[in-house]
Amino acid sequence: MSLPIAYSSDEEDHISSVKNDIFGLSALPVTKKPRVDETQLVNTDAAPHVLAEDPLNMTSLVTRPSDTQMNVNIPYKDMILPIQGPENPFGDRGRFLNQNALAGHVEEQSMSEHAFRAQHLTHSILGYSANPSMDPNAPAVLGSIESAQENNFATIDTLRATREQKRDLKRKRKPKGDLMVADGDGAYVGPWASWDGEEPQQHFLAGMEGTGDGDEEEEEEEPEMQVITKKVKPKKGGDGQEYSVFHGKSMTDYQGRTYMSPPVADAPNLLQEAGSQDCFIPKVCVHTWTGHTQGVSVIRTFPETGHLLLSGSMDTKIKLWDIYTHGNCVRTFHGHVKAVKDLSFSNDGRQFLSCGYDRQMKLWDTETGQCIKRFSNGKIPYVIRFHPDPDKQNIFLAGMSDKKIIQYDMNSGEITQEYDQHLGPVNTITFVDENRRFVTTSDDKTIRAWDFDIPVVIKYIAEPHMHSMPAVTLHPSNKYFAAQSLDNQILIYSTDNFRQNRKKRFAGHSVAGYACQVGFSPDGKWISSGDGEGNVVFWDWKTGRIKSRLKAHSKVVIAHEWLPHDTSKVITASWDGLIKLWQHDIMIRSLAHPMTDMVCTRWVHFLPGYRGEDFVGGPDRKFDESKSLHSQLDCSAKDLNFVDQVFFGPP
């Protein structure tokens with residue numbers, strides 16, 4: 001009875017309205033009602049079934065902005081329905097074009113923890129990172145493109161500071177001072193120099209004004225005592241004592257080229273590859289360089305081209321000679337006070353090192369003649385060598401009289417490594433195995449091989465019958481090195497396993513007591529050596545037989561060099577103070593047509609030292625290859641010795 005009494009028609013109307021509109025969507029303003037996107041074709045139902053009787057079994061979802069809870073599980077087909085509702089007129093219309101999720105564009109990607117941290121730190125510190133997206137249209141780099149280009153798109157873990165940056169960040173000492181100044185400004189302080197930026201603290205009362213009465217008389221300022229700079233008496237060969245003398249008329253030619261430029265016009269063969277032609281044993285002396293007053297101890301040709309010759313002598317002088325143009329002395333370097341022991345060119349030839357019995361090692365500029373730096377550890381250097389690698393041209397090694405090989409860094413002037421295993425003075429240093437290793441010989445009658453920058457011997461060669469080997473030369477193939485043994489023989493060792501090749505042994509000369517240099521022809525066909533009697537001996541590399549014995553000087557031939565781009569030219573140096581250029585007999589080569597037996601000369605090129613006029617043959621002058629050149633050229637026998645090349649053409 002209570003239910004009919006409590007029931008009324010108003011409540012029935014309310015219940016029917018709730019069934020028709022449970023969320024009150026009809027009361028919403030027109031602007032907030034759902035609007036179907038007109039750009040998409042949608043099949044709409046005129047009377048959709050929005051609300052079921054059971055709220056827990058709903059099949060569609062309609063929410064209001066104020067709703068915080070959904071009471072229905074949305075099927076997948078409903079989630080991919082077209083977008084409905086009002087569109088934001090102020091939003092980006094292309095915002096959702098590349099999105100495949102509500103939060104944005106999602107792709108599956110896998111990477112290691114190290115790679116993720118590297119990209120994360122790179123983006124945090126440098127402002128850019130690699131884009132992990134697989135989309136080909138996506139940019140490769142996210143963030144600052146300018147910063148990425150500056151760092152060559154490298155991550156933070158692969159960036160390395162350059163030597164210049166490290167040098168700028170490194171704390172620097174103040175200058176050591178002048179070794180010649182004992183007291184005052186610029187005095188020598190050596191390793192006790194203070195650091196830049198570490199100025200001494202001023203007293204805490206410095207700068208404070210006096211608080212006395214005005215009646216007190218001001219003390220008269222005493223004049224400061226001037227510090228008198230005391231200079232040590234200059235030593236011979238000390239700093240500032242080095243100089244050079246240029247012997248030419250002008251440093252440059254009409255094209256602005258110095259003597260450093262190879263004379264390609266006078267010697268076209270300089271453009272050829274070294275060792276590309278067959279070499280012959282020289283027989284005739286075609287030029288002599290005189291200028292040293294005492295014996296010559298070492299000679300070195302200019303790297304690659306060989307158009308200049310550097311010689312060091314017991315008269316303490318170093319001379320630079322021209323080979324192909326005029327054959328004269330170009331420059332003399334004065335800087336040692338005792339005999340010069342060894343010389344070494346850098347890879348480009350613009351600098352060279354010298355060492356002498358005055359215990360000094362000096363770096364010179366080949367073109368200007370200026371002494372750039374000096375090095376010394378108080379011992380006598382017997383051998384000095386630049387490191388052959390292009391990126392290590394600031395490093396050189398020196399074999400000393402105190403049984404050590406010392407490694408210097410020319411940039412800092414400091415000793416960076418010491419190789420201390422020999423039991424006697426070190427005589428030679430030879431780089432092998434692509435310059436990763438080097439071989440040294442000593443007066444202790446041993447051969448030792450080292451890894452560069454590691455002071456541990458990797459190969460030790462010592463036999464009871466071995467003698468000291470004061471001269472070592474590398475074969476042009478870089479597979480062997482030849483060592484001059486003081487028991488009058490040349491021994492051959494391999495550069496890969498450092499074993500002796502017992503099948504190759506070159507003997508028949510007398511070098512006991514002399515460190516005569518060993519030489520190879522550019523093609524590796526001939527091996528040569530000077531001896532103590534003034535001869536130069538040539539052996540066949542394959543057979544080991546003596547092919548020629550050339551009487552070159554009156555005293556020991558201590559050094560000789562094959563010119564790298566010529567077929568038969570050898571330069572010899574002796575303790576008689578002379579340097580000589582030798583070459584093979586002059587040969588006529590026909591450039592005429594194969595069917596023609598007779599050829600006529602075009603011009604004759606003479607070697608340096610010839611003072612006559614070049615011989616020029618007329619167009620009707622014919623030469624026969626079967627006859628000697630002397631009988632066909634209108635020049636004397638003396639002039640014939642200066643003939644270098646004869647060019648022929650068709651008659």
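For clarity, every value in this text was computed on a predicted model and none was experimentally measured.
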Examine distances only and state if a side-chain atom of [X] and a backbone atom of [Y] form a donor-acceptor pair shorter than 3.5 Å.
| X | Y | result |
| --- | --- | --- |
| N488 | A512 | yes |
| S510 | G532 | no |
| W289 | W321 | no |
| N478 | V432 | no |
| D358 | H336 | no |
| S297 | V340 | yes |
| D523 | K525 | yes |
| D433 | R437 | no |
| T495 | K479 | yes |

Flag if over 12 foreign heavy atoms under 6.0 Å of CD, Q421 | yes
Please say whether more than 12 non-hydrogen atoms of neighbouring residues, nucleotides or ligands are located less than 6.0 Å from NZ in K373.
-> yes
Distance check, rounded to the nearest 0.5 Å: [X] atom [atom1] versus [Y] atom [atom2]?
| X | Y | atom1 | atom2 | value |
| --- | --- | --- | --- | --- |
| K542 | K504 | NZ | NZ | 8.5 Å |
| S442 | K445 | OG | NZ | 11.0 Å |
| W582 | H287 | CH2 | NE2 | 13.5 Å |
| C516 | D531 | SG | CG | 6.5 Å |
| Q500 | I492 | CD | CD1 | 9.0 Å |
| T567 | I281 | OG1 | CD1 | 12.5 Å |

Residue pairs, two or more places apart or on separate chains, that pass salt bridge (Lys or Arg N to Asp or Glu O under 4.0 Å) and touch residues 388-401 = D389-K392
R331 and Y259: CA distance, side-chain angles, deciding distance, side-chain hydrogen bond (donor to acceptor under 3.5 Å, both in side chains) verdict | CA-CA 10 Å; R331 186 180 288 274; Y259 54 77; 3.0 Å; yes
Counting C-beta onward and ignoring hydrogens, is there a side-chain heavy-atom pair between [X] and [Y] closer than 4.5 Å?
| X | Y | result |
| --- | --- | --- |
| N394 | D409 | yes |
| L578 | T290 | yes |
| Y408 | N377 | yes |
| P263 | H307 | yes |
| L563 | Y324 | yes |
| E242 | W364 | yes |
| Q407 | I395 | yes |
| H334 | T332 | yes |

Sequence neighbours left out, what passes side chain to side chain contact (heavy atoms under 4.5 Å, CB included) with Q489? Give chain and number order.
-> S485, D487, L491, R505, A507
Should L309 and I571 be marked as a side-chain contact (heavy atoms from CB on, under 4.5 Å) after you check the CA-CA gap, both sets of side-chain angles, and the distance that decides it?
-> CA-CA 9 Å; L309 177 69; I571 300 175; 3.8 Å; yes
Heavy-atom pair of closest approach, residues L308 and D322 | CD2-CA, 4.2 Å
Identify the heavy atoms of L343 and R300 that sit nearest to each other, and give their distance.
-> O-NE, 3.2 Å
When L397 is tested against each of I384, I429, V426, T440 for side-chain contact (heavy atoms from CB on, under 4.5 Å), which residue passes?
-> I429
Out of I406, I405, D420, which residue meets the side-chain contact (heavy atoms from CB on, under 4.5 Å) rule with M400?
-> I406
Scan H553, K580, H560, E561 and name whichever one has a side chain to side chain donor-acceptor pair (under 3.5 Å) with T572.
-> H553
Passing candidate, side chain to side chain donor-acceptor pair (under 3.5 Å) with W562, options S528, S521, S568 = S528
May I ask you to decide if the ring planes of F506 and W541 are parallel, tilted or perpendicular, using 30° and 60° as cut-offs?
-> parallel
Describe, in one word, how the ring planes of F431 and F452 are oriented to each other, choosing from parallel (under 30°), tilted (30 to 60°) and perpendicular (over 60°).
-> tilted
Partner of F352 under ring pair (Phe, Tyr, Trp, His ring centres under 6.0 Å), chosen from F396, F333, F386 | F333
Could you tell me whether D342 and R385 have a side-chain N and a carboxylate O separated by less than 4.0 Å?
-> yes
